[in-house]
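Below is one structure, written out as structure tokens, with a few remarks after it.
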Amino acid sequence: MMEKLCGASFGNMLNQGKPYLLTVGLQFGMAGTFIITKACLDHGMSRFVLTVYRNVIAAVGLAPFALIFERNRPKMTMPVFMQIVALGFLEPVIDQTFTCLGMQYTSASFASAIMNAVPSVTFVIAVILRLERVNLKELRSQAKVIGTLVTFAGALLMTLYKGSEINLFNHPNSTHHESHSQQGHKNWVTGTLFLCLGCLAWSSFYILQSITVKRYPAELSLSSLICLMGALQSAVVALIADRNPRAWAIGFDFTLYGPLYAGIMSSGIAYYVQGLVMKSRGPVFMTSFNPLLMIIVATLGSFLLGEQLYLGSIIGAIIIVVGLYSVVWGKARDYEVLKLPSTATVKETETQQLPITSSTHK
């Protein structure tokens, strides 16, 4: 009897902790994607071709699991199909392309820091689309609004102010970064704007994915279809934007390892885990762990790639994290209210069809 109670208690704890374990594990995997993507771009690989290969690998890798484990998948409808097409354009095409472009002008650690603004951007889009209710008389709504403003202030600071350079580790590439410091300031602002566009696309992807996964609750099938649509659309973009046939060449080097890792981890496993977690916790819960991603990428980027951190980036990132957790705190209160059995509370919150309670990239 005691063993059964202990087993049931452990199973309950594991079930409650599963969203946290999945999300934290995903941050480590996504950190590797930022690093390996930056390395691929630095070695001259086309960002358009990288996006195509990444999504092809993800679609091919996920499809067999979807066919085996989701044989009783829901019927595909035209609205769901159009949403999948839109999802394939938002994240695999727009977000990945602009994030790669912005990363070329800045750094992997800076890109991961900017992506901390995703929860606040998600909140703003949800308010505009009336998927999120805001009552400024309530403390939780005030926290979400203030947190959003603080997050944007942090992103603006990172854009306009670089500050002094900070080296965490001595690396041979550090001198290379220093020799391009003057031209780098102009590129830094341009790169930040591209990253912000990617951030906007990623937020839109989270919102639409959280809606689609409820209409089509087959996470593996949905993820493989998103990757397939992303591969097809990004291939069209790549053929138009990069007409050099040599750009498509693959060897036993970064041209293979980069797309392989990014495809399996960030375009395959990430979509599946995101859909799984967002069914119960919503999109802001996912992105609330982005500061962990930023710390991992900053450490690995400095150690492996010789990337330099800047004082403005560190201060801006701290401000973004403060704003982020203000938004998350407000949404945590919303989540508690949603669990109350009171009919008045249900009526008050029934308009919140999209629980903005968490991105993650790459």
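Below, all heavy atoms of this structure are taken into account, side chains as well, without hydrogens, waters or symmetry copies.
- Interatomic distance, E70 CD to E219 CD, rounded to the nearest 0.5 Å: 6.0 Å.
- Between F81 and T77 the shortest side-chain heavy-atom distance does not fall below 4.5 Å.
- Here the side chains of L90 and W202 are not in contact, with every heavy-atom distance at 4.5 Å or above.
- Side-chain contact between R215 and P79 is present, with heavy atoms from C-beta onward closer than 4.5 Å.
- T37 contributes no side-chain N or O that, together with a main-chain N or O of F34, makes up a donor-acceptor pair within less than 3.5 Å.
- The OG1 atom of T99 sits 12.5 Å away from the NZ atom of K38 when rounded to the nearest 0.5 Å.
- Separation of atoms SG (C40) and CD1 (I35) is listed at 11.5 Å; rounding is to 0.5 Å.
- Going from atom CE of M76 over to atom CG of L222 covers 7.5 Å, rounded to the nearest 0.5 Å.
- Within the 3.5 Å criterion, the main-chain N or O of I296 finds no donor-acceptor partner in the side chain of Q27.
- Each of L67 and I226 belongs to its own hydrophobic cluster when Ile, Leu, Val, Met, Phe, Trp and Tyr are linked at side-chain heavy-atom distances under 4.5 angstrom.
- Under the 4.5 Å side-chain heavy-atom criterion for grouping Ile, Leu, Val, Met, Phe, Trp and Tyr, M229 is not connected to V236 through any hydrophobic cluster.
- Considering all non-hydrogen atoms of both residues, C227 and L62 come closest at SG-CD1, 4.4 Å.
- Atom CZ of F89 sits in a sparse spot, with 12 or fewer heavy atoms from other residues, nucleotides or ligands closer than 6.0 Å.
- Atom CZ of F65 has 12 or fewer neighbouring heavy atoms from other residues, nucleotides or ligands inside a 6.0 Å radius.
- Across every non-hydrogen atom of C199 and V121, the tightest pair is SG-CG2, 4.1 Å.
- Between the side chain of S141 and the backbone N or O of N135, at least one donor-acceptor pair lies under 3.5 Å.
- Tested against Y216, the residues Q83, R73, K75 include a single side chain to side chain contact (heavy atoms under 4.5 Å, CB included) partner, R73.
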Please lay out, stage by stage, how V93 and T51 fare under the test side-chain contact (heavy atoms from CB on, under 4.5 Å).
-> CA-CA 7 Å; V93 179; T51 300; 5.8 Å; no
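- Nearest approach of I125 to S204, heavy atoms of both residues: CD1-OG, 3.6 Å.
- Looking only at distances, no side-chain donor or acceptor of Y261 sits under 3.5 Å from a matching main-chain atom of L256.
- Atom CZ of residue R47 and atom CG of residue L101 lie 4.5 Å apart, to the nearest 0.5 angstrom.
- Of the inter-residue distances, the one linking L197 atom CG with T192 atom OG1 reads 11.0 Å to the nearest 0.5 angstrom.
- V150 is listed as a side-chain neighbour of I319, based on a closest heavy-atom distance under 4.5 Å.
- Across all their heavy atoms, Y257 and F252 have their closest contact at OH-O, 3.3 Å.
- Side-chain contact between M265 and F28 is absent, with no heavy atoms from C-beta onward closer than 4.5 Å.
- Annotation: side chain of L260 is not in contact with side chain of Y53 (no heavy-atom distance under 4.5 Å).
- Tracing side-chain contacts under 4.5 Å through hydrophobic residues (I, L, V, M, F, W, Y), one reaches L157 starting from L311; they form part of the same cluster.
- Of all non-hydrogen atoms in G61 and P64, the two that sit nearest each other are O-CD, 3.6 Å.
- Applying the under-4.5 Å side-chain rule to Ile, Leu, Val, Met, Phe, Trp and Tyr, the cluster around L139 extends to W329.
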Solution key, residues 237-250 side-chain donor-acceptor pairs under 3.5 Å, sequence neighbours excluded:
| unit_1 | atom_1 | unit_2 | atom_2 | d |
| --- | --- | --- | --- | --- |
| D242 | OD1 | N244 | N | 3.3 |
| D242 | OD2 | S46 | OG | 2.8 |
| N244 | OD1 | R246 | N | 3.2 |

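- In plain terms, the two heavy atoms of G198 and D95 that are nearest each other are O-OD1, 3.0 Å.
- Proximity of V273 to T23: side-chain heavy atoms (C-beta onward) are nowhere separated by under 4.5 Å.
- Panel note: side chain S224, backbone S221; a donor-acceptor pair is recorded below 3.5 Å.
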